[in-house]
Peer 1: 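Take this structure, written in structure tokens, and hold onto it; I'll ask about it next.
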2 protein chains.
Amino acid sequence: MARTWTVGELADELRVTTRTLRFYEAEGLITPQRAGANRVYSQREHARLRLILRGRRFGMTLSECREIVDMYDGAESSEQRQLQILLARLDEIAADLRARQADLRRTLTEVTDVAAQCRARLDELV
Amino acid sequence: MARTWTVGELADELRVTTRTLRFYEAEGLITPQRAGANRVYSQREHARLRLILRGRRFGMTLSECREIVDMYDGAESSEQRQLQILLARLDEIAADLRARQADLRRTLTEVTDVAAQCRARLDELV
DNA sequence: GTCGTACTTGACGTTTACGTCAACGTAAGG
DNA sequence: CCTTACGTTGACGTAAACGTCAAGTACGAC
């Protein structure tokens with residue numbers, strides 16, 4: 001039996017509110033099953049949500065997040081044309097991520113430089 | 001003579017609108033000089049803005065951006081207590097950035113994996 | 001049987017980060 | 001002198017991403 005979650009459980013685990021999970025559903029980012037009226041989240045939703053939340057941490061909008069998670073499904077498509085479009089988009093995204101990496105590296109260098117300056121100033125004051 | 005910019009020039013160069021620059025000023029993120037009523041942006045503002053916009057690309061809020069750019073000024077402070085606080089905060093930020101790097105690396109790996117899957121599927125279809 | 005807890009939908013509120021007028025001043029060009 | 005281009009402030013609008021009630025349902029514990 002695969003693990004499932006209620007809203008509350010999943011919200012707790014992912015450190016978001018239940019409101020957020022319902023909102024994401026209303027936006028079509030996730031589509032949990034139902035047990036009567038209650039939502040039942042499966043591994044699939046769990047995985048998608050982790051991707052979405054990671055995207056959000058990088059400042060992506062929800063629709064950008066949606067685009068990405070939807071691609072994970074699309075990769076099993078069998079239509080050549082679809083796959084080609086998908087692949088092109090994935091390469092774009094990868095390029096963007098690499099640019100961000102470089103950007104992040106620069107930022108980190110700058111921050112550590114300022115910290116080093118700070119330490120130098122502190123040493124002078126001794 | 002150090003280079004200066006008008007709102008329009010700087011907005012064009014940084015690829016934002018003049019509205020954005022005025023908004024940032026209203027929020028206290030930058031404080032351009034004036035030539036009469038007109039704003040005059042110097043290297044200082046130019047540098048701060050580049051930092052701010054980079055922060056924004058990483059999903060930071062404007063107040064988080066403000067905190068960071070203000071630190072670059074604070075590093076020249078001469079009060080020991082101030083410097084220690086600043087340094088502690090900088091180390092926190094650096095740690096956060098490193099976490100983001102790892103996160104970004106994972107994301108990139110996943111994206112390239114999906115792309116590889118795609119390519120495999122495409123090869124099968126030949 | 002009612003108390004507490006967790007779930008439901010729906011509606012409205014809120015913050016952030018600007019966009020979009022409106023109404024006006026000013027300096028250069030034809 | 002008039003237009004055009006750029007600048008100014010001020011006020012209001014807006015999209016995104018939730019927060020915050022309200023009102024109701026369902027279920028196990030006591």
Side-chain angles (χ1 to χ4, degrees), chain A residues 3-42 44-46 48-70 93 96 100 103 107, chain B residues 3-42 44-46 48-70 96 100 103:
Chain A
R3 162 98 208 247
T4 61
W5 291 259
T6 67
V7 246
E9 288 168 353
L10 192 53
D12 279 0
E13 184 175 328
L14 299 177
R15 301 185 173 277
V16 294
T17 65
T18 58
R19 178 71 181 91
T20 299
L21 296 184
R22 296 200 188 97
F23 178 70
Y24 286 0
E25 180 180 351
E27 294 294 303
L29 288 155
I30 44 175
T31 49
Q33 300 302 110
R34 296 283 177 143
N38 291 25
R39 294 170 173 79
V40 177
Y41 296 85
S42 67
R44 175 185 155 80
E45 275 71 44
H46 187 274
R48 286 175 73 94
L49 279 167
R50 278 187 31 221
L51 281 170
I52 292 163
L53 295 175
R54 184 153 74 193
R56 292 252 55 214
R57 284 200 296 277
F58 287 121
M60 294 185 196
T61 66
L62 284 183
S63 48
E64 286 169 335
C65 290
R66 183 189 1 237
E67 202 203 333
I68 293 194
V69 289
D70 284 349
I93 291 175
D96 180 67
R100 275 165 185 267
D103 222 349
T107 307
Chain B
R3 161 100 207 248
T4 62
W5 292 260
T6 67
V7 247
E9 288 168 353
L10 192 53
D12 278 0
E13 185 176 327
L14 299 178
R15 300 184 172 279
V16 293
T17 65
T18 58
R19 178 70 182 90
T20 299
L21 296 185
R22 295 198 189 99
F23 179 70
Y24 286 1
E25 180 180 350
E27 294 294 303
L29 288 155
I30 44 176
T31 48
Q33 299 301 110
R34 297 283 178 143
N38 290 25
R39 293 169 174 80
V40 177
Y41 296 85
S42 67
R44 174 186 155 81
E45 274 71 45
H46 187 274
R48 287 176 73 95
L49 280 167
R50 278 186 32 221
L51 281 170
I52 292 163
L53 295 174
R54 185 153 72 193
R56 294 252 54 215
R57 285 199 297 277
F58 287 121
M60 294 184 197
T61 66
L62 285 183
S63 47
E64 288 169 334
C65 290
R66 183 191 358 239
E67 202 204 334
I68 293 193
V69 290
D70 284 350
D96 180 67
R100 275 165 184 267
D103 222 349

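A note on names: the letters A, B, ... follow the listed sequences, proteins ahead of strands, and every chain is numbered from 1.
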Peer 1: From CG of B:Leu14 over to C1' of C:dC18, roughly how many Å is that when rounded to an integer?
Peer 2: 16 Å
Peer 1: Look at the side chain of B:Arg19 against the base of C:dT20 and say whether a donor-acceptor pair falls under 3.5 Å; ignore hydrogens and angles.
Peer 2: yes
Peer 1: Enumerate the residues from residues 53-62 of chain B whose closest heavy atom to DNA chain D is under 4.0 Å, giving them by residue number; use none for an empty result.
Peer 2: none
Peer 1: Rounded off to whole Å, could you give me the CZ-to-P distance for the B:Phe23 and D:dT9 pair?
Peer 2: 15 Å
Peer 1: Does C:dG19 have OP1 or OP2 sitting under 4.0 Å from an N or O in the side chain of B:Thr20?
Peer 2: yes
Peer 1: Please check: side-chain N/O of B:Arg57 versus main-chain N/O of A:Asp103, any donor-acceptor pairing under 3.5 Å?
Peer 2: no
Peer 1: Atom CD of B:Glu27 to atom P of C:dT16: distance rounded to whole Å?
Peer 2: 8 Å
Peer 1: What is the distance, rounded to the nearest whole Å, between atom CD of B:Glu64 and atom P of C:dT15?
Peer 2: 17 Å
Peer 1: Which of these nucleotides, D:dG7, D:dC18, C:dC18, is closest to any side-chain atom of B:Thr6?
Peer 2: D:dG7
Peer 1: Among B:Leu21, B:Leu49, B:Ile52, whose side-chain contact (heavy atoms from CB on, under 4.5 Å) with B:Leu29 holds?
Peer 2: B:Ile52
Peer 1: Considering non-hydrogen atoms only, spot the tightest contact between A:Gly59 and A:Glu64 and give its length.
Peer 2: O-OE1, 4.5 Å
Peer 1: State, with a plain yes or no, whether a side-chain heavy atom of B:Val69 is found less than 4.5 Å away from one of B:Ile30.
Peer 2: no
Peer 1: For the pair made of CZ in A:Arg34 and C1' in C:dA6, what is the distance, rounded to whole Å?
Peer 2: 14 Å
Peer 1: What integer distance in Å separates A:Arg39:CZ from C:dC7:P?
Peer 2: 10 Å
Peer 1: So among A:Arg44, A:His46, A:Glu45, which one has a side chain to side chain donor-acceptor pair (under 3.5 Å) with A:Ser42?
Peer 2: A:Glu45
Peer 1: Rounded to whole angstrom units, what separation is found between the CG atom of B:Leu10 and the P atom of D:dG7?
Peer 2: 11 Å
Peer 1: Looking only at side-chain atoms of A:Arg22, point me to the closest of C:dT9, D:dG7, C:dG19.
Peer 2: C:dT9
Peer 1: Does A:Ser63 place a side-chain N or O at less than 4.0 Å from the phosphate oxygens OP1/OP2 of D:dA16?
Peer 2: no
Peer 1: Expressed in angstrom and rounded to an integer, what is the separation of B:Ile52 atom CD1 from C:dA17 atom P?
Peer 2: 11 Å
Peer 1: Any side-chain N or O of A:Tyr24 below 4.0 angstrom from OP1/OP2 of D:dA17?
Peer 2: no
Peer 1: Do the non-hydrogen side-chain atoms of B:Leu53 and B:Tyr24 ever get within less than 4.5 Å of each other?
Peer 2: yes
